[in-house]
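Here the structure comes first, spelled out in structure tokens, and everything after it is commentary.
Any value given below was found using the heavy atoms of this structure, including those in side chains, with hydrogens, waters and symmetry copies removed.
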Amino acid sequence: IPPIDSPAFETLDDIDGIDPREPVVGLVHGGEWKAYPLRILMWHEIVNDSIGGMPISVTFCPLCNAVAVFDRRVEGQTLDFGTTGRLRKSDLVMWDRQTESWWQQFTGEAIIGSLTGTKLTIVPSRLESYADFTERAPQDALVLIPNGRHIRNYGGNPYAGYDSLEQPFLYEGEVPEGINALARVVSLTGKKQAWSLELLQEQERVETPDGTVLSWRPGQVSALDAPMIAESKDVGSVIATRDGKDVPYFVDFAFAFHAFHPGAPIHLPEPISDQPDPISE
């Protein structure tokens with residue numbers, strides 16, 4: 001799975017061919033706006049780039065539905081990341097070319113090599129629909145396009161039907177109770193607890209104990225449903241803010257959250273009572 005090391009972009013004025021409901025990773029930093037469509041990340045999983053002068057890696061593990069954007073600067077050097085071709089707990093294991101350390105994409109932590117134990121800094125981003133990004137971004141915002149190398153079936157989903165399965169692919173660990181293993185859950189940095197996407201869809205707004213506001217709105221399709229992403233089911237978009245500013249958040253599959261944080265609770269909707277309503281006289 002080749003990463004993208006020389007990303008190419010077009011402005012919102014010039015680009016076409018992306019369905020408004022398709023998911024993108026939206027980034028804003030240093031006055032620069034960029035969107036990275038999952039239709040491309042699906043096939044490359046890592047984009048080594050920079051935004052507003054900050055070197056970043058935009059990553060996506062399809063098997064965990066895990067999007068994470070990392071600052072590539074570690075201990076005075078800038079790292080370039082690639083895929084090892086290995087999975088751990090069904091999640092992408094990355095490697096850096098400078099030290100050849102291996103990194104867990106789900107946590108951003110080095111697990112093998114000279115940097116073992118080092119954690120990458122998470123950069124706030126939004127997993128949002130292309131329509132939501134274009135609505136809030138200036139017209140000179142940049143959108144990732146294929147760069148002419150390692151061309152793939154962009155817009156297609158090689159994992160068709162994956163997020164409707166009962167059992168994750170290449171995973172034999174425990175799964176959380178009370179929720180489908182491939183249901184989406186939302187968590188924050190530290191990942192000490194999560195909220196099911198179903199709960200957010202039901203309530204539309206949840207305030208967490210640290211004052212973070214999680215809000216949900218419809219209009220974004222799954223990248224892991226139909227053979228063509230644009231034809232997939234609507235799962236909606238989540239935004240996480242604190243004091244009016246974006247904070248890092250994650251929309252992952254429940255099994256993956258549980259695999260890396262087995263003691264962390266997942267908040268679910270209240271069960272519907274089977275008792276009939278009392279009849280008033």
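In plain terms, the two heavy atoms of Y159 and N157 that are nearest each other are N-OD1, 2.8 Å. The nearest pair of heavy atoms linking W216 to L200 is CB-O, 3.8 Å. Residues N180 and E166 approach most closely at ND2-CA, 4.4 Å, considering heavy atoms. When all heavy atoms of D49 and R72 are compared, the pair lying nearest together is O-NH2, 2.9 Å. Looking at every heavy atom in both residues, G82 comes nearest to P3 through CA-CG, 3.9 Å. When every heavy atom of P248 is checked against every heavy atom of L188, the shortest pair comes out as O-CD2, 3.8 Å.
Between I239 and L214, the closest side-chain pair of non-hydrogen atoms is not below 4.5 Å. Between P146 and I40 there is a side-chain heavy-atom pair separated by less than 4.5 Å. Considering only heavy atoms from C-beta on, W195 stays 4.5 Å or farther from I266 through its side chain. Side-chain contact check for I122 versus V69: every heavy-atom pair is 4.5 Å or farther apart. Under the 4.5 Å side-chain criterion, counting only non-hydrogen atoms from C-beta, T118 is in contact with E75. Using a 4.5 Å heavy-atom cutoff, the side chains of N65 and D252 are not in contact. In this structure, the side chains of L144 and E10 stay at 4.5 Å or more apart for every pair of heavy atoms. W103 is not listed as a side-chain neighbour of L92, based on a closest heavy-atom distance of 4.5 Å or more.
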Checklist entry - After noting the C-alpha distance and the side-chain angles of T11 and D140, does the key distance pass the side chain to side chain donor-acceptor pair (under 3.5 Å) rule? => result CA-CA 5 Å; T11 66; D140 62 352; over 6 Å; no
Checklist entry - Does the pair N48 and D80 meet the rule for a side chain to side chain donor-acceptor pair (under 3.5 Å), with working shown? => result CA-CA 6 Å; N48 293 302; D80 300 316; 5.1 Å; no
Next on the checklist: Please determine whether side chain to side chain donor-acceptor pair (under 3.5 Å) holds for the pair S222 and D163, giving the CA-CA distance in whole Å, both sets of side-chain angles, and the decisive distance to 0.1 Å.
Outcome noted: CA-CA 8 Å; S222 166; D163 63 1; 2.6 Å; yes
Next on the checklist: Assess the residue pair R21 and Q220 against the criterion (side chain to side chain donor-acceptor pair (under 3.5 Å)); give the C-alpha distance rounded to whole Å, side-chain angles, the decisive distance to 0.1 Å, and a yes or no.
Outcome noted: CA-CA 5 Å; R21 302 170 302 148; Q220 179 191 156; over 6 Å; no
Next on the checklist: Apply ring-ring contact (aromatic ring centres under 6.0 Å, His included) to residues Y171 and F255 and explain how you reach the verdict.
Outcome noted: CA-CA 9 Å; Y171 177 77; F255 84 87; 4.8 Å; yes
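Linking Ile, Leu, Val, Met, Phe, Trp and Tyr residues whenever their side-chain heavy atoms come within less than 4.5 Å places V25 and Y154 in a single cluster. Clustering ILVMFWY residues whenever any of their side-chain heavy atoms sit less than 4.5 angstrom apart, transitively, puts I179 in a cluster other than the one holding L182. Cluster membership for Y249 and V24, using ILVMFWY side-chain heavy atoms within less than 4.5 angstrom, is not shared. Under a hydrophobic-cluster definition in which Ile, Leu, Val, Met, Phe, Trp and Tyr are linked whenever side-chain heavy atoms come within less than 4.5 Å, directly or via other members, I1 and V93 are assigned to different clusters. When the side chains of ILVMFWY residues are joined at heavy-atom separations under 4.5 Å, either directly or via intervening members, Y162 and L38 end up in a single hydrophobic cluster.
More than 12 non-hydrogen atoms from other residues, nucleotides or ligands lie less than 6.0 angstrom from CD of Q77. Within 6.0 Å of the CD atom in Q139, the count of heavy atoms belonging to other residues, nucleotides or ligands exceeds 12. Summarising the local packing, CD of Q193 is surrounded by more than 12 heavy atoms from other residues, nucleotides or ligands at distances under 6.0 Å. For E174, the CD atom is loosely surrounded, since the number of other residues' heavy atoms within 6.0 Å does not exceed 12. The environment of E100 atom CD is sparse: at most 12 non-hydrogen atoms of other residues, nucleotides or ligands sit within 6.0 angstrom. Within a 6.0 Å sphere centred on CG of D243, other residues, nucleotides and ligands contribute 12 heavy atoms or fewer. Crowding of K233 atom NZ: a count of heavy atoms from other residues, nucleotides or ligands under 6.0 Å exceeding 12.
No donor-acceptor pair closer than 3.5 Å links the side chain of Q105 to the backbone N or O of I46. Between the side chain of S90 and the backbone N or O of F169, at least one donor-acceptor pair lies under 3.5 Å. Distance alone, capped at 3.5 Å, places no donor-acceptor pair between the T212 side chain and the T208 backbone. Using modelled atom types, no side-chain atom of K34 and backbone atom of L27 make a donor-acceptor pair closer than 3.5 Å. With S196 contributing its side chain and L199 its backbone, the two residues share a donor-acceptor pair below 3.5 Å.
In this model, no donor atom of one side chain and acceptor atom of the other lie less than 3.5 Å apart for N153 and W43. With 3.5 Å as the limit, one finds a donor-acceptor pair spanning the side chains of T99 and S101. Inspection of the H44 and Y36 side chains reveals no N or O donor paired with an N or O acceptor under 3.5 Å.
Side-chain rings of W95 and F81 stay apart, their centers remaining 6.0 Å or farther from each other. Aromatic rings from H258 and F253 are positioned such that their centres are separated by 6.0 Å or more.
R242 has a carboxylate O that lies under 4.0 Å from a charged side-chain N of D210, or vice versa, which qualifies the two as a salt bridge. Contact check on D19 versus R39 returns no salt bridge, with no Lys/Arg side-chain nitrogen under 4.0 Å from an Asp/Glu carboxylate oxygen. By the 4.0 Å N-to-carboxylate-O rule, R136 lies close enough to E128 to be salt-bridged with it. Ionic pairing of R126 and D132 is not present here: no N-O contact between side-chain nitrogen and carboxylate oxygen is shorter than 4.0 angstrom.
The distance from the SG atom of C61 to the CG atom of D91 is 4.5 Å, given to the nearest 0.5 Å.
Ring geometry for F106 versus H261: interplanar angle of 30 to 60°, hence tilted.
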